Amino acid sequence: MSTPVETRVTALARRWRLELDLGTDTTPDWQTVMGVTEFQPSAEPNLEDSSDYDSGGWAGNTKTGQSWELSVTINRKINSTQKAYHPTHEALRRAAFEFDEASYVHVRYFDRNGLPEAYEGRALVEWAPSGGETTDLDQVEITLTGDGPLLLIDNPLADEEEG
């Protein structure tokens, strides 16, 4: 049995970093999605009632599936000299309007402080500009709906700290 570690500091919600693979399957090119103002991951199990007469009246449940999703809000980042949006923002926007293979993105997210929580998967993109008044920032609400497993990975920043 391991000795408990004393913990006194509560983790902050802004600890997450979202990255998008702008490379290929053989040569990934992970780029940070800049301007994240809200980040909400979820991984919901599908539970089915597996109760039977032998359980003494207690309900039984069996996990039969799993889904995952990321709800993200970003401030659109631009380069006004080059008249271009941030490359990760453009890649997400373009994928939202594509079909077949081009509609999927490869993402990973992890604790930016190097703690062990880190995930990776493929997702479909929903792109919903917030609109707003003349004084509002240009924000977009993005929903990344997982297609396939959300893999537990080693935090990429943990490797950087060791090197």
Side-chain angles (χ1 to χ4, degrees), residues 1-47 61 63-82 84-96 98 101-130 136-163:
M1 185 164 108
S2 63
T3 305
V5 177
E6 183 178 344
T7 55
R8 293 188 226 163
V9 179
T10 301
L12 300 175
R14 66 176 182 252
R15 68 190 174 97
W16 294 109
R17 177 181 293 173
L18 175 62
E19 291 186 344
L20 184 65
D21 182 4
L22 298 181
T24 64
D25 288 341
T26 55
T27 310
D29 178 18
W30 292 105
Q31 299 292 322
T32 301
V33 177
M34 302 302 292
V36 173
T37 62
E38 291 184 43
F39 185 88
Q40 185 170 0
S42 66
E44 300 296 326
N46 184 70
L47 302 178
N61 290 287
K63 181 178 172 181
T64 62
Q66 185 87 24
S67 63
W68 65 275
E69 182 177 277
L70 295 176
S71 296
V72 180
T73 302
I74 60 169
N75 286 334
R76 291 292 303 273
K77 297 293 185 178
I78 61 170
N79 181 317
S80 57
T81 304
Q82 296 177 346
Y85 287 105
H86 191 275
T88 57
H89 296 185
E90 262 310 275
L92 289 165
R93 183 185 68 82
R94 288 182 175 278
E98 294 290 345
E101 188 64 26
S103 65
Y104 293 91
V105 293
H106 186 194
V107 298
R108 69 182 182 184
Y109 64 98
F110 48 89
D111 186 296
R112 69 175 62 240
N113 300 314
L115 291 167
E117 202 168 355
Y119 307 91
E120 179 179 335
R122 289 174 43 88
L124 293 167
V125 182
E126 291 179 48
W127 180 267
S130 297
D136 289 345
L137 297 174
D138 184 7
Q139 290 189 317
V140 178
E141 296 170 17
I142 301 167
T143 303
L144 299 170
T145 303
D147 181 60
L150 181 62
L151 303 171
L152 299 172
I153 61 171
D154 292 331
N155 187 327
L157 295 181
D159 294 338
E160 289 178 11
E161 291 174 4
E162 292 173 8

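What you see is a predicted model, and the numbers here were worked out from it, not measured in a lab.
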- ring pair (Phe, Tyr, Trp, His ring centres under 6.0 Å) partners of W16, counting only residues at least two apart: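 With sequence neighbours excluded, W16 shows a ring pair (Phe, Tyr, Trp, His ring centres under 6.0 Å) to F39, Y109, given in chain and number order.
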- Message: Keeping W68 on the side-chain end and G148 on the backbone end, is there a donor-acceptor pair under 3.5 Å?
- Response: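 Yes: the side chain of W68 pairs with the backbone of G148.
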- Message: Check this for me: D25, atom CG, are more than 12 non-hydrogen atoms of other residues, nucleotides or ligands nearer than 6.0 Å?
- Response: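 Counting other residues, nucleotides and ligands, CG of D25 stays at 12 neighbours or fewer.
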- Message: Just verifying a value: how many Å separate R17 CZ and R108 CZ, rounded to the nearest 0.5 Å?
- Response: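 These two atoms lie 9.0 Å from each other.
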- Item | Exceeds 12 heavy-atom contacts within 6.0 angstrom, atom CD of Q66 |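 For Q66, atom CD is crowded (more than 12 foreign heavy atoms under 6.0 Å).
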- Atom pair CG (N46) and NZ (K63), whose distance is rounded to the nearest 0.5 Å: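 If we round to the nearest 0.5 Å, N46:CG and K63:NZ are 10.0 Å apart.
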- Can you measure from OG1 (T73) to CD1 (I142) and round to the nearest 0.5 angstrom?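 If I round to the nearest 0.5 Å, the distance is 8.0 Å.
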- Task: Identify which one of L144, D21, T88 satisfies the side-chain contact (heavy atoms from CB on, under 4.5 Å) criterion when paired with V107.
- Result: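 The option that passes is L144.
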- Message: Please identify which of these residues, H89, M34, Q139, meets the side-chain contact (heavy atoms from CB on, under 4.5 Å) condition with N75.
- Response: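 So the option named by the test is Q139.
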- Task: Of all the heavy-atom pairs spanning R14 and R112, show the shortest one and how long it is.
- Result: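 Looking at all heavy atoms of both residues, the shortest contact is O-NE, 3.2 Å.
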Would you mind writing out the side-chain donor-acceptor pairs for residues 118-130 within the sub-3.5 Å range, not counting sequence neighbours?
residue : atom : partner : partner atom : Å
Y119    : OH   : E117    : OE2          : 2.9
E120    : OE2  : H106    : NE2          : 2.6
R122    : NH2  : E101    : OE2          : 3.2

- Report yes if the side chains of I74 and V33 come closer than 4.5 Å at any heavy-atom pair, otherwise no.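 Touching, per the 4.5 Å side-chain cut-off.
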- Query: Roughly how far, to the nearest 0.5 Å, is CD of E69 from OG of S71?
  - Reply: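 Separation between the atoms: 4.5 Å.
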- Salt bridge or not for E90 and R94, using N-O below 4.0 Å?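 A salt bridge links E90 with R94.
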- Item | Contact summary for P87 and L22, nearest pair of heavy atoms |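 In terms of heavy atoms, the two residues are closest at CB-CD1, 4.1 Å.
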- Task: To the nearest 0.5 Å, tell me how far L92 CG sits from L20 CG.
- Result: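 If I round to the nearest 0.5 Å, the distance is 5.0 Å.
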- Query: Any sub-3.5 Å donor-acceptor pair from D111's side-chain atoms to N155's backbone N or O?
  - Reply: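 Side chain of D111 to backbone of N155, a donor-acceptor pair under 3.5 Å: no, none is there.
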- Roughly how far apart are F110 CZ and L18 CG, rounded to 0.5 Å?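 F110 atom CZ to L18 atom CG measures 9.0 Å (nearest 0.5 Å).
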